[in-house]
Amino acid sequence: MCKSELRFTGSGGQGVILGTIIMAEAAFLDGKSVVQSQSYGPEARGGLCKAEVLVDDKAVNYTKVTKPTCLMSLTQQSFDKYKDTLADNAVLVVDDSINVPKNIGEAHKVYKLPILSSARKVIKNPMSANIISVGAVNAALDLASKESLEDAVVAHIPKGTEKLNVSAMNLGAQMIKEYVH
Amino acid sequence: MPSKLIEKHLRTDRLPHIWCPGCGHGILMRDVCQAIDNLNLDKDMVTIVSGIGCSSRAAGYMNYNTLHTTHGRAIAFATGIKMAKPEMTVIVITGDGDAAAIGGNHLIHGCRRNIDLTIVVFNNNTYGMTGGQYSPTTPTGEKGTTAPYGNIDGAFDLPRLAKAAGATYTARGDCYHVPLTIKLIENGIKNHGFSFIDATSICPTYYGRKNKKGGPIDMMHWQEKNCISKTKADKLSKEELEDKLVIGEFYNEPKEEYTDLYQTIIDKVGGKRNV
Amino acid sequence: MATNRCRFKLLQGNEACVEGALAVGMRFYAGYPITPSTEIAERSSVRLPQLGGKFIQMEDEISSIAAALGASVAGVKSMTATSGPGFSLKQENIGYAAIAEIPIVIVDVQRSGPSTGLPTSPSQGDVMQAKWGTHGDHPTIAISPTSVQSTYNEIIRAFNLSERFRTPVIFLMDEVVGHMREGIELIPTEELEIIDRNEKMINGLPYAVGEREYIPHMPSFGTGSLYNITGLFHDDEGFPTNDNKMAHDEGLRLMKKIEVYKDDIIKYETIDTDDCDTLIVCYGGTMRAVLGAKERAKETGLKFGIFNPITIWPFPEEKLAELSKKIKNILVVEHNYGQILLTVQRIVKDNSNVHFLGKIDGTTISPDEIIKKLQEVNSNAQ
């Protein structure tokens with residue numbers, strides 16, 4: 001496989017960093033080389049948040065994403081900040097509240113998904129948006145096996161919320177499968 | 001010929017000590033040794049930790065495990081020793097500048113944790129080692145080499161500070177009332193928690209000379225007359241108390257000790273006993 | 001590839017630092033919260049009591065290193081960790097550990113400075129502070145890992161060196177390595193070479209050393225030998241002295257115990273140095289960007305070797321001097337305004353042209369920037 005460079009962006013408190021940790025863990029469990037990192041400001045909640053994962057079959061050297069092959073965004077502000085640094089033919093998984101400029105839509109494969117609203121209405125827990133995203137990104141990229149992703153999700157969420165989060169993960173994957181461009 | 005106590009508890013080959021003639025610290029050091037002797041503690045399981053200053057030179061002369069640390073940090077070093085070896089009796093010998101100025105933060109946090117340490121402050125109201133500057137216990141109005149026009153700072157009442165911060169044993173002794181001071185240190189060691197003894201010393205060389213307190217004998221006489229018990233003090237008016245120093249036990253209310261509490265965490269999460 | 005889930009784990013650099021320390025026997029940690037090292041304290045607070053060890057959050061950075069030193073004196077392998085401002089605050093007690101010869105590992109996860117700087121951003125600005133931060137002449141051992149795996153492996157080596165030489169070892173991480181997650185192999189304790197301090201006193205004297213030896217064998221407190229430890233120059237019993245000859249001998253011995261054994265302490269990595277015109281000197285997280293530039297060699301046509309001093313102090317001087325004799329250009333890449341650069345210039349002298357790439361804006365140096373700089377160096381050389 002080629003090196004995948006994933007960038008997740010959103011607002012502090014949305015679980016964006018955890019999303020990348022789960023992606024990294026899933027790929028790692030599949031035997032891939034991974035590097036996960038994040039950058040953030042002083043705000044614990046509400047600030048711009050960016051987290052990244054590099055996945056490769058061979059050792060990952062430079063630890064930062066430079067040209068994302070995949071961008072996941074949950075807020076307009078974070079999307080706008082990072083939309084212009086994408087690799088060619090990148091995969092974009094964004095919340096459907098985000099306005100994606102036409103030129104970006106044409107140059108890349110864009111999935112506009114009801115991530116935030118489904119977290120509230122379907123899963124009935126706004127904190128599950130990051131897990132829906134993880135399920136969607138993994139399905140869109142075909143990155144990690146379903147078993148590894150589920151193990152990774154379960155390893156990183158509070159005990160007692162397994163059922164809720166696995167269904168959030170599955171919902172994300174389903175959104176990709178049923179997506180009509 | 002040193003006395004049996006000195007022979008047993010001090011490194012006699014290291015004497016005489018560096019303190020000035022007439023300094024109260026030698027008396028207080030002996031008091032600590034006597035308290036340890038009275039309690040019949042195993043010397044191998046006694047550690048003296050000191051900071052920097054005249055007081056803190058005591059550690060070097062005392063024949064136990066002795067750790068002469070950095071300025072103000074004795075209580076922090078002692079905390080590490082006590083955590084690592086809770087069965088060790090850990091006594092901190094410090095001074096007023098060491099404990100209450102540069103080390104003030106460690107003092108209040110040691111009190112707050114109620115970790116089983118016994119702090120004995122050789123309180124001479126001055127920075128003796130550096131030549132007589134005013135300290136956090138120099139009374140307002142008195143002089144030091146850095147308070148040439150009189151000290152405008154307020155002075156700490158150290159046992160009150162310690163009690164407010166959470167110490168479970170507080171007391172004040174002095175150089176004149178030797179049996180009492182020994183008893184206070186003994187009780188402090190016996191308290192399974194943070195014990196604080198403000199041991200009033202005398203510094204004829206700097207504090208005494210700068211403030212016209214007379215020689216060592218005059219300063220000892222001052223302690224004889226003016227250091228009074230709490231019972232006596234309770235009967236005196238505010239005016240009569242003005243030049244008095246209350247000595248004795250102020251507070252003795254044991255509560256759960258820090259290393260014991262930590263052991264409950266270890267037990268809870270399945271760790272083995274003792275490292 | 002199926003993964004052994006006990007032995008192989010996805011861990012953050014800071015977490016791997018704790019796991020490595022635990023594997024080599026760390027059983028006491030004292031610290032104070034500070035970004036970007038806080039995860040080291042957090043994981044220590046979880047893991048230590050599980051192993052019967054002790055964790056304490058102290059009231060400040062100074063008391064944290066003091067408590068760790070106290071526990072070490074009582075015979076327990078101890079560590080403290082911090083970043084930027086906290087590393088400045090710990091300096092006095094690092095000197096105390098050096099002269100009193102108390103083993104301790106001090107982790108500094110470097111961040112942008114000076115002062116509060118950019119607390120969440122990476123930097124390698126504490127390299128010279130690690131060497132010269134505490135006052136007075138003293139020996140220094142500092143180690144800088146480049147990955148999560150090397151963090152695990154090297155913290156083990158840091159403890160072993162600290163125990164063997166009875167000296168503070170500074171573990172110079174940076175935000176890049178501390179905060180990234182990678183898959184690593186957790187080599188279990190049974191498979192490690194573990195060095196514990198020698199406590200058999202020579203001639204019954206805690207600070208005495210054997211003939212042509214430099215390291216004393218002080219026993220732990222509470223094991224039956226009553227002696228004094230002090231930050232003053234002292235005699236073989238640990239008692240303070242003002243004697244100039246004794247101070248000289250002790251000071252010299254402290255320096256010698258590292259100098260004489262430097263080959264046991266120094267560790268470096270060389271890549272493609274046999275046949276290169278240009279050599280990049282880099283360490284810590286920056287190494288990863290240099291490797292990133294190297295993997296693009298085919299595309300860029302740039303050939304260069306890499307010299308990575310894993311032991312930063314004492315610096316692997318002899319190897320670099322030897323390499324410099326046959327290399328035209330040396331490019332120092334570090335995340336600061338030029339610190340190891342000075343050391344490289346001193347070692348290399350006129351053997352090679354020394355160039356520099358660094359930055360202080362809180363962003364990491366990228367492979368692109370390195371490639372650009374290499375092109376510049378090459379075109380100037382032609």
Side-chain angles (χ1 to χ4, degrees), chain A residues 1-3 5-6 8 12 17-44 47-67 85 87 144-145 147-156, chain C residues 1-5 8-15 35-36 38-39 111-112 116-122 146-150 174-185 271 282 284-297 306 362-371:
Chain A
M1 70 176 270
C2 285
K3 185 156 78 173
E5 304 198 14
L6 282 58
F8 282 27
I17 294 174
L18 183 63
T20 58
I21 294 172
I22 290 170
M23 290 304 308
E25 182 92 58
F28 167 70
L29 291 175
D30 277 351
K32 301 272 170 37
S33 287
V34 298
V35 173
Q36 182 277 342
S37 69
Q38 57 275 309
S39 73
Y40 54 92
E43 310 90 344
L48 195 68
C49 183
K50 176 187 77 164
E52 301 173 342
V53 193
L54 293 147
V55 183
D56 205 343
D57 283 331
K58 53 186 201 311
V60 177
N61 287 317
Y62 184 49
T63 59
K64 303 284 173 189
V65 164
T66 41
K67 290 234 170 230
T85 54
S145 67
E147 296 71 35
S148 293
L149 187 69
E150 188 169 329
D151 286 355
V153 167
V154 168
H156 289 279
Chain C
M1 181 181 103
T3 304
N4 176 340
R5 291 184 180 193
F8 297 88
K9 272 204 161 73
L10 181 79
L11 284 185
Q12 201 181 40
N14 283 344
E15 295 170 336
T35 305
T38 305
E39 294 84 1
R111 73 187 213 189
S112 273
T116 313
L118 292 166
T120 56
S121 298
T146 57
S147 66
V148 177
Q149 183 73 62
S150 80
D174 50 55
E175 195 274 345
V176 172
V177 174
H179 268 171
M180 72 184 178
R181 286 176 177 80
E182 291 185 291
I184 68 159
E185 180 179 9
I271 298 172
C282 61
T286 303
M287 170 80 168
R288 304 296 289 267
V290 174
L291 289 171
K294 190 148 187 67
E295 77 184 15
R296 283 162 58 188
I306 301 174
T363 63
T364 52
I365 298 169
S366 69
D368 281 343
E369 288 168 304
I370 293 163
I371 288 164

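Remember, predicted model here, so these are calculated numbers, not experimental data. Every chain is numbered from 1 and lettered A, B, ... according to where its sequence line falls, protein lines coming before strand lines.
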Shortest non-hydrogen separation from C/G178 to C/Q12 and the atoms involved: O-CG, 3.3 Å
Region of C/I365 that comes under 4.5 Å of a non-hydrogen atom in chain A: backbone
Which atoms of A/I21 approach chain C - backbone, side chain, both or neither, heavy atom under 4.5 Å: both
Part of C/S366 lying under 4.5 Å from any heavy atom of chain A: both
C/K294, C/R296, C/R288, C/E295 screened by side chain to side chain donor-acceptor pair (under 3.5 Å) with A/N61, the one that passes: C/E295
Results of side chain to side chain contact (heavy atoms under 4.5 Å, CB included) for C/S112 - residues two or more places apart only: C/L118, C/S121, C/S123
Side chain to side chain donor-acceptor pair (under 3.5 Å) partners for A/S148, two or more places apart: A/D30, A/S145
Chain A interface, residue from C/P367, C/G13, C/G292 that has the most non-hydrogen pairs under 4.5 Å: C/P367
